[in-house]
Peer 1: 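Below you will find the structure I want to go over with you.
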Amino acid sequence: MKMILRWFPYGDDSVTLQQIRQTPGVSGVATCIPNIPVGEVWPLDALRALKADIADYGLEMEVIESVNVHEDIKKGLDTRDRYIEAYIQTLKHLGQVGVKCLCYNFMPVIDWARSDLEYALPDGSTVMAYRHVEVAMLNPLTMSAAMHRKARGYSLPGWEPERLEQMAADIEFYHSITPEQYWANIKYFLDAVLPQAEASGIRMAIHPDDPPWQLYGLPKLINSLENIRTFLALSDSPANGLTLCTGSLGASPKNNIPKIAREVGARVPFAHVRNVKHLSDTDFNEAAHYTPCGDLNMFDIMLALYDSGFDGYIRPDHGRMIWGEKARPGYGLYDRAIGANYLLGLWEAISQLKKREQV
Ligand code: DNO
């Protein structure tokens, strides 16, 4: 297991590589080259330069989060092959710079969704929050661009106001796609890219839908144990894996995260581990990682991962904003550093006890 932190390059992150390096037990970052239009090849020289910048701080760049999948691939359009070719070329380049794991998602049109990026808790910290009725009201088919601007100019990925018209058209398009067709579009993509991922030594890790339920009538498939089984059965390739995002799947009280981790942990190259506080079946606040702060049992999750033979990367996920920090929502330093060391502590305790039991 390797503990890493997500980090955004080119001055786009208030957290520095130096700070990450000083966080005990963190060996590297999950990063990306932002602003490459979806569907274009990630240039090898830019990847080499980024890797060198990260290596200057003694950190590894073994995980990329994310290379986004072009909407034409998700829609299953005839034009998809050209974008798949570009994806394959990007995989080659990632392999050439030593990337071992690629997080991506197949969420149609929008990435994750929240109603509030700075919801204040009684202790004065802020977290990201989700109220289903409010998010449902942000439907791009009916809302204005201004409504989509959130917290200090940060937009949710994929929710940029200038994309609004296209979003509305895309959402309508998906209304005519059945879940069967959507599964077939995922499989078409996997069959095309996994051979290159294998050849490049990269494990691909699909990110679950966040939230894991229907929104704007869009297909949501990576959202339950049953559907994760279906996804993993699409290809037995060792390069076909899951990002176990405990907060995304765990937003639904119906998902038993330790059970999922126990069953599929060996096919999880990357785990995003965070806690959530359920307010109802569809409303939640993100929470500090520590088990009593939320509704997910972090010990059970880490134990299940350990027992499953999990041998991947873990990163703490969205943290609260604490101690006056101003940062990209969810991605400040302080609460994620606390989370990382809490998770490392659980992992150390579990592995030490298991070793002693064997003696
Ligand atoms: C949210 C993240 C997601 C994730 C992508 C992966 O904080 O977990 O944006 O990076 O869905 O493709």
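Just so you know, these numbers use all the heavy atoms, side chains as well, and skip hydrogens, waters and symmetry mates. Keep in mind the model is a prediction, meaning the values are calculated, not measured. Both ligands and their constituent atoms are indexed starting at 1 by order of listing.
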Peer 1: Would Y331 and H318 count as a ring-ring contact (aromatic ring centres under 6.0 Å, His included) here? Give the steps.
Peer 2: CA-CA 6 Å; Y331 289 101; H318 305 164; 5.3 Å; yes
Peer 1: In the structure I gave you, are the side-chain heavy atoms of F8 and T31 within less than 4.5 Å of one another anywhere?
Peer 2: no
Peer 1: Are the aromatic rings of F173 and H175 close, with centres under 6.0 Å apart?
Peer 2: no
Peer 1: Hey, which atoms in ligand 1 end up nearer than 4.0 Å to a heavy atom of D111?
Peer 2: 3 (C), 5 (C), 9 (O), 11 (O)
Peer 1: Name all pairs fulfilling the salt bridge (Lys or Arg N to Asp or Glu O under 4.0 Å) condition that reach into residues 65-75, sequence neighbours left out, sorted by first residue then second.
Peer 2: R6-E65, E65-R315, E71-K74, K75-D170
Peer 1: Once you restrict to heavy atoms under 4.0 Å, what part of R6 touches ligand 1? Side chain, backbone, both or neither.
Peer 2: side chain
Peer 1: Does the ring centre of W213 sit less than 6.0 Å away from the ring centre of Y130?
Peer 2: yes
Peer 1: What atoms in ligand 1 come closer than 4.0 Å to a heavy atom of C103?
Peer 2: 6 (C)
Peer 1: At less than 4.0 angstrom from any non-hydrogen atom of H318, what atoms of ligand 1 do you find?
Peer 2: 1 (C), 7 (O)
Peer 1: Could you check which of R274, H207, M107, R328 puts a non-hydrogen atom nearest to atom 8 (O) of ligand 1?
Peer 2: H207
Peer 1: I'd like to check which ligand 1 atoms, numbered from 1 as shown, lie under 4.0 Å from a non-hydrogen atom of R315.
Peer 2: 8 (O)
Peer 1: Check each atom of ligand 1 against the heavy atoms of E65 and keep those under 4.0 Å away; list them by number with element.
Peer 2: 2 (C), 4 (C), 8 (O), 10 (O)
Peer 1: Quick one: sort the Y182 and Y174 rings into parallel, tilted or perpendicular, breaks at 30° and 60°.
Peer 2: perpendicular
